[in-house]
Structure formats: C-alpha cells, structure tokens
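Working notes, beginning with the structure itself.
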Amino acid sequence: MNYPISTEEKDLIDRCLKNDRAAQRSLYMKYKDAMFTILFRILNDREEASDALQDVFVSVFKGLHQFKHQSTIGAWIKTITVRTGIAKQKKLVKMYAEELESIQVSEPVVWPDGLTSEALEKAIAALPDGYRTSFLLIEVEGYTHKEVATMMNKSEGTSKSQLYHAKKALQKILKDYRTG
C-alpha cells in the first residue's frame, strides 16, 4: 500500500533522483536537524553524530530509487538514520572493547584486598558480550540505562538486567580469584 504523497514531496524526490543538487540540498536541509538529534541521542557524541549524518544522506541519495512511498520520505530517512546510528555505535563499542584488551599495564595495580588490575581486566573480559557491554557503557563510560537501551536496540529493562547479572558474575569471578 502506497502512502499518500504531496505533489511538492513527489517533485522534490523526482528532482533528487535526477541528481538535481538544489533539490538534494533542500531535502538535506529539511531533515538534517531532526536526523542529527536522533544520531546524537544514539551516539552521545557530536562529532560521531555529524559523521553518521553524512553517511545517512549518502545512503539516502544512493538508495532513493528504492523508496516505495510506503511511508513518508521523512519516516524512510528516519529508519536509515536509526539503523546507521546503531551500526556505528556497535562498531564503536567493539573498537572500545578491543582498545581495552590491548592496554598493557606495566605494573599491576594491587587493590587493598589483593586484587590486581590485571585480574579485574580479565574478569570483565570474561563476561558475556551483552553483560560486558552494559557494564562498560554504564559503569565505566557513565551512560544511562535509557541511552544504552537506545544504542543497543534493547529495552531499559534488558539493560538493567544485564548490568545486574554482570555485577553478580564479576562478584563470583573475583570471589573465586581471592579464594583460589
């Protein structure tokens, strides 16, 4: 079922499909602020959101011929925006996790109970992916459950549950470390 489209919107899309730069700029200007806001909420970083916004509109203009008028053009662009933001966030989380794994500590820090930073690092690395990601984003990076839920396309409840289970798993791993 095709979504009703205004003559103005149809004309703008048709002109964009003909590579009319003025029309492309008009489409970009019409949606850039709203899409940037979505990306910023997902990525929580202006520079990353700005880079992602460019990726979004490259995808929009490359894929505009696939737009089937089953929604408004704005809803179609929003779908591309959300998917781009989540994909970029997943790459950033993976990159962050790889950076953490590559950090070499010259002298292990020893906590008062005999726990070393190396043991803590290994314990965090041993967590399942979802637990580890939630733990790092919330406890290390300071994101809220709502932000993590948005970034990872999960519910807030899932984020809270994963953090809870991550902490419980860390307690068990670290207890085993101290007694083992």
Side-chain angles (χ1 to χ4, degrees), residues 1 3 31-60 63 66-68 70-103 109 111-113 115-180:
M1 178 171 140
Y3 190 84
Y31 292 102
K32 73 176 178 74
D33 292 338
M35 300 309 129
F36 178 84
T37 299
I38 292 167
L39 291 165
F40 181 72
R41 287 181 180 150
I42 293 170
L43 300 168
N44 202 33
D45 182 285
R46 289 193 182 283
E47 191 173 314
E48 294 293 344
S50 183
D51 287 347
L53 183 65
Q54 299 311 309
D55 295 342
V56 165
F57 279 95
V58 167
S59 295
V60 165
Q66 296 174 340
F67 176 60
K68 304 293 184 212
Q70 294 174 337
S71 66
T72 63
I73 188 71
W76 184 73
I77 294 171
K78 183 177 181 179
T79 299
I80 292 170
T81 301
V82 169
R83 289 180 180 160
T84 300
I86 289 170
K88 188 165 186 76
Q89 181 57 42
K90 285 180 180 178
K91 286 179 187 175
L92 290 170
V93 168
K94 183 178 178 184
M95 182 180 72
Y96 179 72
E98 288 171 359
E99 281 180 24
L100 278 180
E101 289 173 9
S102 69
I103 294 173
V109 175
W111 303 95
D113 61 358
L115 177 68
T116 65
S117 57
E118 184 179 334
L120 180 59
E121 202 174 299
K122 285 181 182 177
I124 293 170
L127 293 172
D129 289 345
Y131 294 2
R132 184 178 61 250
T133 301
S134 291
F135 179 82
L136 290 171
L137 289 174
I138 293 165
E139 295 297 332
V140 176
E141 292 298 317
Y143 287 101
T144 65
H145 285 289
K146 185 175 184 175
E147 291 168 327
V148 171
T150 300
M151 285 184 239
M152 303 308 294
N153 198 24
K154 300 176 184 175
S155 70
E156 279 186 65
T158 299
S159 174
K160 290 175 182 178
S161 173
Q162 287 185 326
L163 179 61
Y164 171 81
H165 289 295
K167 288 179 176 180
K168 285 294 188 190
L170 280 174
Q171 285 175 345
K172 181 178 180 345
I173 293 168
L174 295 174
K175 180 182 177 192
D176 291 346
Y177 169 81
R178 288 184 204 115
T179 60

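Between L39 atom CG and T84 atom OG1 the span is 7.0 Å, to the nearest 0.5 Å. Note that NE2 of H145 and CD of E156 are 8.5 Å apart. Values are rounded to the nearest 0.5 Å. Here the CZ-CD distance, from F36 to Q54, works out to 10.5 Å after rounding to the nearest 0.5 Å. To the nearest 0.5 Å, atom CD of residue E48 and atom CG of residue D55 are 10.0 Å apart. Within the model, atoms CG of D45 and CD of Q89 stand 9.5 Å from one another, a figure rounded to the nearest 0.5 Å. I138 CD1 to L163 CG: the interatomic distance, rounded to the nearest 0.5 Å, is 4.5 Å.
Ring planes of W76 and F67: tilted class, angle from 30 to 60°.
The shortest heavy-atom contact between A166 and L127 is O-CD2, 3.8 Å. Smallest separation of non-hydrogen atoms from I173 and A126: CD1-CB, 4.2 Å. The minimum heavy-atom distance between I80 and S59, with the atom names listed, is CG2-CB, 4.0 Å.
Each of V82, T81, V60 was checked for a side-chain contact (heavy atoms from CB on, under 4.5 Å) with M35, and the lone residue meeting it is T81.
K154 meets the side chain to side chain donor-acceptor pair (under 3.5 Å) test with Q162; sequence neighbours excluded. Every residue two or more places apart in sequence or in another chain was checked for a side chain to side chain donor-acceptor pair (under 3.5 Å) with S50, and none qualifies. In this view, K167 and E139 satisfy the side chain to side chain donor-acceptor pair (under 3.5 Å) rule, not counting sequence neighbours.
Between Y131 and L170 there is no side-chain heavy-atom pair separated by less than 4.5 Å.
In this structure, T37 contributes its side chain and D33 its backbone to a donor-acceptor pair below 3.5 Å.
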